[in-house]
Visitor: 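Before I ask anything, let me first share the structure, which is written out below as structure tokens.
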Amino acid sequence: VSLALTYCACTSAGSLCNSCLGSTAAGTTGRKRAVLLLAMAIGFALWFQYQVGPSIVLNSGYIWKLYRMIPGMGSLVFSAWKHGCEGLDDDLLAQCAGNAGVYRPTFLATVFFSSSAIATKIVPSLNREAWPAKYAIFLFSIFFGMFIPNGPLFTGFYLWFARLASGLFVVLQQVILIDVAYNWNDDWVEKSNEADRVSYGSGGIWLQAIIGTAVSMYIAAIVGIGMLYHLFDDCPENTWVITLTLLGIIAMTAIQLSGSDGSLLTSSVMSLYAVYLAYSIVAKNPNGQCNPQLGHNDVWGMTIGLTLTAVSLIWTGWSWSAEYRLTVQSVQSTKPVAQQSAPQPDGVNLDVPFLDPEDAPTSGMVLDQAERTTTSGGNDLWKLNVVMALTSCFVAMTLTGYGTLMELNENQNAANPTVGRVNMAIIGVSQWLAIGLYIWTLLAPRIFPDRDFS
């Protein structure tokens, strides 16, 4: 009886995992399992930042007591986590160790997904295979990473690498948000059409919802710009950042409304995203007179950053259009992605029964479903792993404020202003790359009308 119950429990657990995380059969991608691993890394990063790191360097809490119970472990872990944080008071020491705690799992996640990108470029099927072993290796790496000193690996090399990689992710995030906005807009338009087919005129509520959502986002963006002027307008550099962001929003909206490409909902999403990036820039200003938040935790920035990370993870793992956006030259497209059906034959064969679009007869060589999936998108799965690696770096920078400590000098300015200036520059360049890329997607079909951007 116990054996039968164990078998049923294991079978049910396996079925539940397959239902939630997808199958590992031929033709699948393993995207959901990759998202779960990154979610685990984010969980470890938060735990290390607020519990483990401060507990070790301050010699307090159950984590420190647990390590002290193991002979020789206490001093080894203490020296590893305090490396590079010497000479700081308790608050800054806990913050320094917490930041180093964030870098450990996110660095390992970056290495994991970078290695997976290389491996799946060579053998695409590796992305869906051996996930129990991958999880085990990752968890063991987390454990052994506890004993590696903070520098130079984590607080030196990885910190600067993550700053640059997070800038690339900001641009990539624009592609994700455009795709989400287009699918959102397309879904509500389709619901409007379906409602009109049932009762003519009843679908207008969905179109009104699209306009209402877009207007709400524009109002939020305008209010955000106003708040930035109110809170961060004491220095010329902040005023320039906020004003240029406002001009970018006006330019995006005007170009989109003047043509047939794009949608108002997408432009509103991009406008709100631009305001968030402007806030991220001015919140990194190391001058205390220009930045009233200097010396305090950036709760709003962290919350919005983690929300965008969650959107990216959901898109990467569960959006059917994610592979299309990253496996075709469709970053230039300003149109929603439509599900692709098999090509129809040139003529109608009355001897062939009508089939579902997936099973429609095709001309030329016919491949089975597994071969079709592997051939069409499998060779480009490495790009999805690159997305996950960049997401890991963005999470590390979001949780640690791009690696800055809330340390002020006697003039209430940042103790290390160079770091703040570099962070402002990285985010500023990324912001305008994102705005420029979206404007290009609107202008490209007009400049090159003979080219297909769909």
Visitor: I need the Leu159 CG to Thr400 OG1 distance, nearest 0.5 Å.
Guide: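 Here the rounded value is 7.0 Å.
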
Visitor: Please list, chain by chain and in numerical order, all residues satisfying salt bridge (charged side-chain N to carboxylate O under 4.0 Å, His left out) with Asp91, sequence neighbours excluded.
Guide: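 Salt bridge (charged side-chain N to carboxylate O under 4.0 Å, His left out) check on Asp91 returns nothing, list empty.
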
Visitor: Drop me the distance from Ile142's CD1 to Phe48's CZ, to the nearest 0.5 angstrom.
Guide: 5.5 Å

Visitor: Tell me whether Ser192 contacts the main-chain N or O of Gly203 through its side chain, where contact means a donor paired with an acceptor under 3.5 Å.
Guide: yes

Visitor: The test is side chain to side chain contact (heavy atoms under 4.5 Å, CB included); show your working for Leu172 and Thr391 and say whether it passes.
Guide: CA-CA 10 Å; Leu172 175 65; Thr391 306; 5.7 Å; no

Visitor: Counting only heavy atoms not in Leu139 (residues, nucleotides, ligands), do more than 12 fall under 6.0 Å from its CG?
Guide: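 Atom CG in Leu139 is crowded, with more than 12 foreign heavy atoms closer than 6.0 Å.
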
Visitor: Looking at OG of Ser280 and CE of Met397, how far apart are the two atoms once the value is rounded to the nearest 0.5 Å?
Guide: 13.0 Å

Visitor: Would you compute the distance between atom CG of Leu37 and atom NZ of Lys134 and round it to the nearest 0.5 angstrom?
Guide: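 Output value for this atom pair is 9.5 Å.
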
Visitor: Can you tell me how the ring of Phe112 sits relative to the ring of Trp131, calling it parallel under 30°, perpendicular over 60° and tilted otherwise?
Guide: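 If you compare the ring of Phe112 with that of Trp131, the planes turn out tilted.
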
Visitor: Kindly assign one of parallel, tilted or perpendicular to the pair Trp184 and Trp188, based on the angle between their ring planes and the thresholds 30° and 60°.
Guide: perpendicular

Visitor: Enter the distance from Met217:CE to Ser271:OG here, rounded to the nearest 0.5 Å.
Guide: 10.5 Å

Visitor: Atom CD in Glu129, atom CZ in Arg33: separation rounded to 0.5 Å?
Guide: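 Answer rounded to 0.5 Å: 11.5 Å.
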
Visitor: So, using disulfide bond (SG atoms under 2.5 Å apart) as the criterion, who are the partners of Cys393 when residues are at least two apart?
Guide: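 Cys393 satisfies disulfide bond (SG atoms under 2.5 Å apart) with no residue once adjacent residues are dropped.
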
Visitor: So, applying side-chain contact (heavy atoms from CB on, under 4.5 Å) with Leu228, which one of Asp233, Ile242, Asn238 is it?
Guide: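 Result: among Asp233, Ile242, Asn238, Ile242 is the only option passing the side-chain contact (heavy atoms from CB on, under 4.5 Å) with Leu228.
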
Visitor: Where do Pro105 and Ala41 come nearest, in terms of heavy atoms and distance?
Guide: CB-O, 3.7 Å

Visitor: Dump the intermediate steps for side chain to side chain contact (heavy atoms under 4.5 Å, CB included) on Cys85 and Asn150, then the final yes or no.
Guide: CA-CA 9 Å; Cys85 302; Asn150 296 336; 4.1 Å; yes

Visitor: Name the residue from Thr213, Leu272, Leu264 that meets the side-chain contact (heavy atoms from CB on, under 4.5 Å) definition with Tyr218.
Guide: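 Result: among Thr213, Leu272, Leu264, Leu264 is the only option passing the side-chain contact (heavy atoms from CB on, under 4.5 Å) with Tyr218.
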
Visitor: Given ring-ring contact (aromatic ring centres under 6.0 Å, His included), test Phe154 with Tyr103 step by step and report yes or no.
Guide: CA-CA 6 Å; Phe154 299 123; Tyr103 303 145; 7.7 Å; no

Visitor: Determine whether more than 12 heavy atoms belonging to other residues, nucleotides or ligands lie under 6.0 Å from atom CZ of Phe147.
Guide: yes

Visitor: Show your working on side chain to side chain contact (heavy atoms under 4.5 Å, CB included) between Tyr402 and Ile427 and close with a plain yes or no.
Guide: CA-CA 10 Å; Tyr402 280 73; Ile427 302 174; 3.8 Å; yes

Visitor: Check step by step if side chain to side chain contact (heavy atoms under 4.5 Å, CB included) holds for Val52 and Trp81.
Guide: CA-CA 10 Å; Val52 176; Trp81 283 69; 4.1 Å; yes

